[in-house]
Trainee: 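Just dropping this structure here.
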Number of protein chains: 4
Amino acid sequence: MSDKELIDELFNNADGLTEKQKQIIQAAIESFAEKGYASTSTSEIAKKAGVAEGTIFRHYKTKKDLLLSIAAPAMAKLIAPFVIKDLDKVLNQDFERFEDFLQAMIENRMKFLNKNLTLFRILIQEIPFQPELKAQFKEHIASKVVERFLKVITHYQEKGQIIDLPPYTVIRLVASSIFGYLIGRNLLFPELDWDDQVEIEKTVNFIMHGIAPKK
Amino acid sequence: MSDKELIDELFNNADGLTEKQKQIIQAAIESFAEKGYASTSTSEIAKKAGVAEGTIFRHYKTKKDLLLSIAAPAMAKLIAPFVIKDLDKVLNQDFERFEDFLQAMIENRMKFLNKNLTLFRILIQEIPFQPELKAQFKEHIASKVVERFLKVITHYQEKGQIIDLPPYTVIRLVASSIFGYLIGRNLLFPELDWDDQVEIEKTVNFIMHGIAPKK
Amino acid sequence: MSDKELIDELFNNADGLTEKQKQIIQAAIESFAEKGYASTSTSEIAKKAGVAEGTIFRHYKTKKDLLLSIAAPAMAKLIAPFVIKDLDKVLNQDFERFEDFLQAMIENRMKFLNKNLTLFRILIQEIPFQPELKAQFKEHIASKVVERFLKVITHYQEKGQIIDLPPYTVIRLVASSIFGYLIGRNLLFPELDWDDQVEIEKTVNFIMHGIAPKK
Amino acid sequence: MSDKELIDELFNNADGLTEKQKQIIQAAIESFAEKGYASTSTSEIAKKAGVAEGTIFRHYKTKKDLLLSIAAPAMAKLIAPFVIKDLDKVLNQDFERFEDFLQAMIENRMKFLNKNLTLFRILIQEIPFQPELKAQFKEHIASKVVERFLKVITHYQEKGQIIDLPPYTVIRLVASSIFGYLIGRNLLFPELDWDDQVEIEKTVNFIMHGIAPKK
DNA sequence: TATGAATGAGATTTCATTCAT
DNA sequence: GATGAATGAAATCTCATTCAT
């Protein structure tokens, strides 16, 4: 159910995916996340998807094709909000304080990640091994996203809300805190009782104090 | 050379490893880190190690055995300093300020990680897929290490040097900042020019401000 | 030719065996009988069957699976006539004299064995080593077949045609004589000139005198 | 203990077997009987024998050598009593009646078999697959033993104690009854309660009636 | 003599991919 | 489009045998 929606959202039906294709993608996502790309066999995916082995290769020339057809759009969606052409303008006007920007951003992306945890998992697990993914990642994150954020950081630095450090360093520190929370919460210790509301607030506070300008 | 030292250090040759065994382990470490455990074939390891494929299986019953025989001690070494029985006592007395403790700890573990980057890589890549490793990780990190750190945090909280948050949250925030740096520096963007001295100092400052008690 | 018939008969093509599957089974039967299960390699079977080695494992998960898929139905067919629900009734009415029953039985099973000698060979060679087969053997022979025979023997004992010994003993003596002939004739000294007609008659005589009631 | 005696008896110390050699042979006998020659690995034998793998090959050039060095003397011992040069003379004089001869023979060989059951097992399991063993078997049994027995049978036929059938046939019938008992008793259903005394007597009776001359 | 590490040929098994139906 | 039997290359693993110590 929610699985279908996920796929529908990720691969905007525009692409015109068959019912079978969706089943295949769904099965692949589950298996890749659980056992890793290399340890998942196509026959396994076929079985879980309820299709014949050959059907997979009718839609995806190779197994790696299947992986890429999942990972690439996932990565795109993940960073989409940061790539919107005029993010900077919009944001700057919407959020007087960096703190509010931060809060909004975390909440937005966290919702997304919670919904797409498996995809996120696949990404961080496979990027190190798939040159194509690594390239995409570098191109998108390293250039596009970071580039936007640099502007955002500089903006708030100019407003005197952020300490006068190299923007790269600020980004690193902020990103570490956020991803640290996401990974701990969702991947390392998902079985613990997390009060998102509270933890996010504390994380934002931590960041804000950490990067507050010297008085 | 430095490879041999690494292995010697990790598998205290007390264990009495054959020359060939060392070659095998060395080759396995390299390949696992580079291509991942599942995508590394034993024939590849054998070739790189300059031994017959059968030799691998004489020393390690299965391929997974080989992985575990590398990962388990690596994990142990990685967290060793935090498990030293009286870490807390020692530390508390040695470091008047949490900041100094932090500084020392980061430098110590960073040196270790820089030397053993490949092993660290293997660990974070394979722990999600190897139940045995996951179990060890949980047992050691989650219980032993966290337990020690809880005491340390509480100690400095009582001294009024750390904000009065749940110690778990403090640990998370501190750990995120540190690992965020290590991963960014070593795994994500190793090709960039990092000034460790400076970055560490800034990270420590960030943390200290972030967890400073409210005045 | 006669090979195909054999297989068709044994694995009533109801089972829907592929042409390749039949070839595999045929090749396996030949090789197992000739060299024994453990000494027959799957690559050998594949070559003899004219299929790729992978094809074997598409149909039979393991090599042992292949053995069992041959041996189990063979055993079933071998003892089928003795398990027909109302064997006893039928036989008792059809054969006034035990001698006639014996004669009929030997001829019937001997024809079958001559046709399926290789299968019989595999059975007696592998049953001692394959717990699954041993279990089936005990369950079918020891319980089902022996049970029927007990009734038959008792029946003819009551008619005064057989000496008043424990039926188990009678069965053992009769079975020894029959299998002794079959094994000597077919397995030990197949190169000799056997006059089945005569030998069977003599064997039946031997048995009949051996178990004749005391006058 | 009794194992050592067995080996001592079988390989008359004359051969001068080392302690290690005995252990090897003992281990091999056990494993061959239990799992079959082909499915027993030399490393397994070495472990069970408590010696190094290399030690086996110091004493026996190949694995098959080891098998033959066990099987050949076992076969020899098994049929020894029937090959004693003047068996016929001796026997004829010792036993007025064929029945007594039979009784004595069964008892003698049965004791031996009970003591050497594992060896017997190995023989009947491996003879079909080992040309060398098959040759020895044919040579010894088919020629030597049968030859002797032919004379014995003929002798008692001339005395009018045995029906006037082809001696080969008589041998087959007698042998079937005896081996049928041994195999059923020791190999097929060793878990049942057998009263040897009684069963042997009945078997002898069965044979004697079966081959009694027509009145 | 005994050892056991090392070998390499070969055994079993897996699996991505193709293709006839 | 979908199927699933077939493939064959490669992966993991086994094992008899050798040889330096």
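Scope of the values below: all heavy atoms of this structure, side chains included, with no hydrogens, waters or symmetry mates. Labels below follow one simple rule: chain letters A, B, ... track the order of the sequence lines, proteins then strands, and each chain is numbered from 1.
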Trainee: For each nucleotide in nucleotides 9-15 of chain F, reading 5' to 3', give B when a protein heavy atom comes within less than 4.0 Å of its base, S when such contact involves only the sugar-phosphate, and - otherwise.
Mentor: --SBBBS
Trainee: Anything under 4.0 Å to a heavy atom of chain C counts; send over the first and last such nucleotide of DNA chain E, read 5' to 3'.
Mentor: E:dA11 to E:dT14
Trainee: Answer yes or no: does atom NZ of C:Lys47 have more than 12 heavy-atom neighbours from other residues, nucleotides or ligands under 6.0 Å?
Mentor: no
Trainee: Is the backbone of C:Ser31 close enough, under 3.5 Å, to the side chain of C:Thr40 for a donor and an acceptor to pair up by distance?
Mentor: yes
Trainee: Between A:Glu19 (CD) and F:dG1 (P), how many Å, whole number?
Mentor: 15 Å
Trainee: Sort and list the pairs that fulfil salt bridge (charged side-chain N to carboxylate O under 4.0 Å, His left out) and have at least one residue in residues 33-45 of chain A, not counting sequence neighbours.
Mentor: A:Lys35-A:Glu44
Trainee: Determine whether C:Thr42 and C:Leu66 satisfy the following criterion, side chain to side chain contact (heavy atoms under 4.5 Å, CB included), listing intermediate values before the conclusion.
Mentor: CA-CA 10 Å; C:Thr42 50; C:Leu66 175 56; 5.8 Å; no
Trainee: In whole angstrom, what separates A:His59's NE2 from F:dG1's C1'?
Mentor: 7 Å
Trainee: Taking salt bridge (charged side-chain N to carboxylate O under 4.0 Å, His left out) as the cut-off, I'd like each qualifying pair that reaches into residues 48-75 of chain B, sequence neighbours left out, listed once.
Mentor: B:Glu30-B:Lys48, B:Arg58-D:Glu53
Trainee: Can any side-chain N or O of C:Thr118 pair as donor or acceptor with the backbone N or O of C:Ala33 at less than 3.5 Å?
Mentor: no
Trainee: Do you know the tightest heavy-atom contact between C:Leu119 and C:Ile29?
Mentor: CD2-CD1, 3.8 Å
Trainee: Looking only at heavy atoms, what is the nearest atom pair of B:Ala71 and B:Leu133, with distance?
Mentor: CB-CD2, 3.5 Å
Trainee: Roughly how many Å is it from CD in A:Gln23 to P in F:dG1, rounded to a whole number?
Mentor: 15 Å
Trainee: Are the side chain of A:Ser39 and the backbone of A:Gly36 linked by a donor-acceptor contact shorter than 3.5 Å?
Mentor: no
Trainee: Starting at the 5' end of DNA chain E, what dot-bracket string do you get if Watson-Crick and G-U pairs under 3.5 Å are bracketed, crossing pairs use [ ], other-strand pairs use | and unpaired bases use dots?
Mentor: .||||||||||||||||||||
Trainee: Only pairs at least two apart or in different chains count here, so list each ring pair (Phe, Tyr, Trp, His ring centres under 6.0 Å) that has a residue in residues 37-70 of chain A.
Mentor: A:Phe32-A:Tyr37
